[in-house]
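Note sheet for the following structure.
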Amino acid sequence: MVVCMMNLSQFCSLAFISVFLTNLSFPEYAAADTPGNETNKLALLAFKSQITEDPIGVLNDSFHLCNWTGVKCSNDQRRVTSLNLRGKRLAGTLSSYVGNFTFINLLDLSGNSFHGEIPPELGNLRRIQNLNLSNNFLGGVIPSDLYNCSSLTSLALDHNYLIGQVPPGLGSLSELRKLYVGSNNFTGSVPASLGNLTSLQELDMSYNYLEGEIPSTIAQLVNLQIFRLSVNNLSGEFPPLLYNLTSLEFIALTTNSFTGNLRNDIGLAFPNLQKIWLAYNFLTGPIPESFSNASNLQNIDFLHNNLTGKVPRSFGKLDLQYFSIGFNHLGSGEPDDLKFINSLINCSNLRVLHFGDNQFEGVFPVSVTNLSTKLTRLYLEGNKIHGNIPNEISNLVNLNKLYMNSNYLNGTIPDSFGMLPNLGGLVLRSNQLTGKIPPSLGNMTGLINLYLYDNHLEGGIPSSLANCSQLAIISVSNNNLTGSIPQELMEIQSLWSFYGSHNSMTGPLPENIGNLALLIKINLSYNKFSVEIGVEDDDELLNAQTFLLKNPTKIRGVIEREFLG
């Protein structure tokens with residue numbers, strides 16, 4: 001009788017385990033289970049029970065728990081010490097039983113499709129050092145229980161749907177070296193308590209809805225190397241406290257409302273700087289020449305600010321790969337405005353150069369053609385640059401995008417453009433270019449967008465453009481083009497916009513114009529087309545633009561088009 005008796009709590013515990021095991025249909029294991037790995041096995045099976053999608057079958061419980069995919073155990077095979085299921089395409093919710101992996105030091109469930117909230121029971125993982133739940137669909141707030149994970153050195157919760165404020169309690173995780181909470185829906189201010197994380201090396205809070213100024217306590221993060229708060233609603237002057245953080249390698253404050261000038265000695269203050277992203281703010285004043293002292297600097301993005309003055313020529317000392325200063329007020333209207341291009345010839349790894357939409361004046365710098373052959377994107381639109389486009393532009397063999405529009409360029413379009421097979425976007429609109437459209441453009445087999453409108457081009461549209469099998473947009477409006485539209489152009493199946501209005505083109509429209517399944521916009525108004533359309537009165541000859549305006553559906557299958565200029 002004594003043997004059969006047990007207290008109520010023992011009975012409930014055994015009953016729960018019995019029901020739990022029955023419901024989950026746990027497999028049998030050959031080896032006898034110790035209490036340690038029994039707890040971990042139950043936790044793994046509970047974790048699996050809440051997985052709704054496992055398309056590649058990573059959660060195979062026919063093995064001993066230490067042989068599961070992504071599982072590592074202690075030497076005695078009793079305790080799970082690591083669970084890494086990164087990018088395994090799993091979906092479901094996170095089981096609270098994950099909190100029973102009390103010996104775990106790494107839990108990485110990033111790059112999956114977990115939803116629901118972060119279980120507070122994760123706060124039981126006192127030994128965990130690396131917790132990565134990024135790139136999922138988790139919502140709710142960061143549970144305060146996580147502050148118990150005092151051994152954490154890396155916490156990644158970015159790219160989820162977390163809400164509320166960034167908890168000040170995160171400042172109690174004194175061992176943190178990496179904190180990623182970007183790309184969520186956090187509101188409020190940057191917690192001043194983060195200044196307590198004096199071991200922190202990487203901080204990413206970008207793509208949220210944070211507001212206010214950056215707290216002065218951030219100046220205590222003397223080991224900080226990466227500081228990312230882009231795409232928020234932060235304000236105030238460019239944070240002066242940052243100048244104390246000489247270890248910074250990457251500063252990203254893009255798309256906020258920061259104001260003021262950059263300090264003249266900024267390049268001396270950040271001797272280790274590699275990337276600085278300050279685009280889409282309200283910064284004023286000149287670009288400090290001291291940046292050339294930051295010898296590791298490779299990436300500068302000052303797009304869309306209110307910067308003024310000249311571009312320092314000393315930047316040629318740097319190994320720049322990305323240099324974007326477009327949409328500012330740079331340039332003084334003096335003949336040497338564009339001299340900085342000469343110095344950039346030394347940047348042999350330059351891939352992107354953007355100095356468009358400023359106030360630069362002068363003759364098109366031939367030195368552009370001597371820039372790095374690794375250059376893929378070149379933007380110089382929206383300035384007051386005049387002169388011819390040099391034939392040597394073909395030296396830039398890897399160009400993918402070239403924007404030269406809205407300047408005062410004259411002369412002809414160089415035949416040598418045909419030597420740039422990788423060019424996907426050629427934008428020469430709104431200049432003073434003359435002559436014919438070179439047939440050699442048909443050699444640019446990678447061309448997708450061609451903008452030549454608002455120039456003084458003459459002659460016909462070359463049929464060789466049909467060789468550009470990826471062409472999506474042709475825009476040649478507002479020129480002096482003549483002749484008929486080549487029938488071959490209507491065989492480019494990728495074409496979805498064709499703008500040819502305000503020219504003097506004649507002849508019939510191509511018979512196959514209605515065969516372009518993707519064509520959604522066509523504007524051929526204000527030309528001299530004349531074509532028999534085959535309406536009820538076979539003798540009726542209409543001006544094409546009038547017919548298209550009145551009867552857009554009668555050109556075989558061409559519907560919902562735009563024909564007015």
Side-chain angles (χ1 to χ4, degrees), residues 153-156 166 170-171 173-182 189-206 210 212-230 232 234-256 258-279 281 283-302 305 307 311-312 314-325 347 349:
T153 60
S154 178
L155 176 60
V166 178
L170 292 178
L173 300 173
S174 58
E175 299 297 318
L176 269 184
R177 285 165 175 76
K178 299 179 182 180
L179 176 59
Y180 293 93
V181 293
S189 59
V190 177
S193 62
L194 295 186
N196 298 328
L197 305 177
T198 53
S199 297
L200 200 64
Q201 298 173 355
E202 301 179 11
L203 175 61
D204 182 4
M205 305 176 72
S206 55
L210 304 176
E213 298 188 5
I214 296 175
S216 59
T217 54
I218 296 297
Q220 299 166 198
L221 306 181
V222 293
N223 293 300
L224 200 62
Q225 298 172 3
I226 295 177
F227 185 61
R228 299 183 60 181
L229 279 88
S230 294
N232 278 288
L234 300 170
S235 57
E237 291 193 357
F238 177 82
L241 56 95
L242 292 184
Y243 291 106
N244 297 324
L245 306 180
T246 57
S247 296
L248 278 172
E249 299 175 2
F250 185 10
I251 300 173
L253 300 174
T254 298
T255 314
N256 281 288
F258 291 111
T259 59
N261 294 10
L262 298 177
R263 232 166 62 177
N264 289 335
D265 64 345
I266 188 170
L268 299 171
F270 301 128
N272 299 299
L273 196 61
Q274 298 176 17
K275 299 178 182 179
I276 181 165
W277 296 355
L278 302 177
N281 280 286
L283 301 174
T284 54
I287 298 174
E289 187 155 356
S290 67
F291 274 121
S292 61
N293 294 107
S295 58
N296 296 318
L297 189 56
Q298 298 178 342
N299 195 309
I300 297 176
D301 187 5
F302 294 158
N305 277 283
L307 300 174
V311 180
S314 57
F315 282 12
K317 295 163 52 179
L318 301 171
D319 184 21
L320 286 177
Q321 297 180 11
Y322 187 103
F323 188 37
S324 177
I325 53 174
C347 302
N349 290 305

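Considering every non-hydrogen atom in both L194 and M205, the closest pair reads CD1-SD, 3.9 Å. The nearest pair of heavy atoms linking F250 to R228 is CE2-CD, 3.8 Å. Nearest approach of N264 to P288, heavy atoms of both residues: O-CB, 3.8 Å. In terms of heavy atoms, L242 sits closest to F227 at CD2-CE2, 3.7 Å. The nearest pair of heavy atoms linking S247 to N272 is CA-ND2, 3.9 Å. Smallest separation of non-hydrogen atoms from P215 and P191: CG-O, 4.0 Å.
With hydrogens and angles ignored, the 3.5 Å screen pairs no side-chain donor or acceptor of E289 with any backbone N or O of P312. The main-chain N or O of A192 is found under 3.5 Å from a side-chain atom of T217 such that the two form a donor-acceptor pair. In terms of modelled atom types and a separation under 3.5 Å, the side chain of N293 and the main chain of L268 share no donor-acceptor contact. Using modelled atom types, one side-chain atom of D204 and one backbone atom of S206 make a donor-acceptor pair closer than 3.5 Å. A distance-only check finds a donor-acceptor pair linking the side chain of N256 to the backbone of N232 [under 3.5 Å]. Between the side chain of R177 and the main chain of E175, a donor-acceptor pair closer than 3.5 Å is present.
In this structure, L176 CG and T198 OG1 are separated by 11.0 Å, a value rounded to the nearest 0.5 Å. How far CG of N223 is from OG of S199: 6.5 Å, rounded to the nearest 0.5 Å. Put simply, CG on L297 and CG on L318 are 5.5 Å apart, with the number rounded to the nearest 0.5 Å. Between atom CD1 of residue I218 and atom CD of residue E213 there is a gap of 13.0 Å, rounded to the nearest 0.5 Å. Residue L283 holds its CG atom at 7.5 Å from OG1 of T259, rounded to the nearest 0.5 Å. The CG atom of L278 sits 7.0 Å away from atom CD1 of I251, with the distance rounded to the nearest 0.5 Å.
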Next on the checklist: Show, in sequence, the C-alpha distance, side-chain angles and deciding distance for L248 and L224, and conclude whether the side-chain contact (heavy atoms from CB on, under 4.5 Å) test is met.
Outcome noted: CA-CA 6 Å; L248 278 172; L224 200 62; 4.1 Å; yes
Checklist entry - Is there a side-chain contact (heavy atoms from CB on, under 4.5 Å) between L179 and L173 once you walk through the steps? => result CA-CA 10 Å; L179 176 59; L173 300 173; over 6 Å; no
Checklist entry - Could you walk me through whether V311 and I325 pass the side-chain contact (heavy atoms from CB on, under 4.5 Å) check? => result CA-CA 9 Å; V311 180; I325 53 174; 3.6 Å; yes
Checklist entry - Between I287 and L262, is a side-chain contact (heavy atoms from CB on, under 4.5 Å) present by the stated rule, with each step listed? => result CA-CA 7 Å; I287 298 174; L262 298 177; over 6 Å; no
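Contact of the P239 side chain with the F258 side chain is registered, since non-hydrogen atoms from C-beta on lie closer than 4.5 Å. The shortest side-chain heavy-atom distance between V190 and V166 does not fall under the 4.5 Å cut-off. Between L203 and L197 there is no side-chain heavy-atom pair separated by less than 4.5 Å.
Within 6.0 Å of the CG atom in N296, the count of heavy atoms belonging to other residues, nucleotides or ligands exceeds 12.
The side-chain hydrogen bond (donor to acceptor under 3.5 Å, both in side chains) test with W277 singles out one residue from T255, N299, T254, and that residue is N299.
Between Y243 and F270, the two ring planes are parallel [angle under 30°; tilted spans 30° to 60°].
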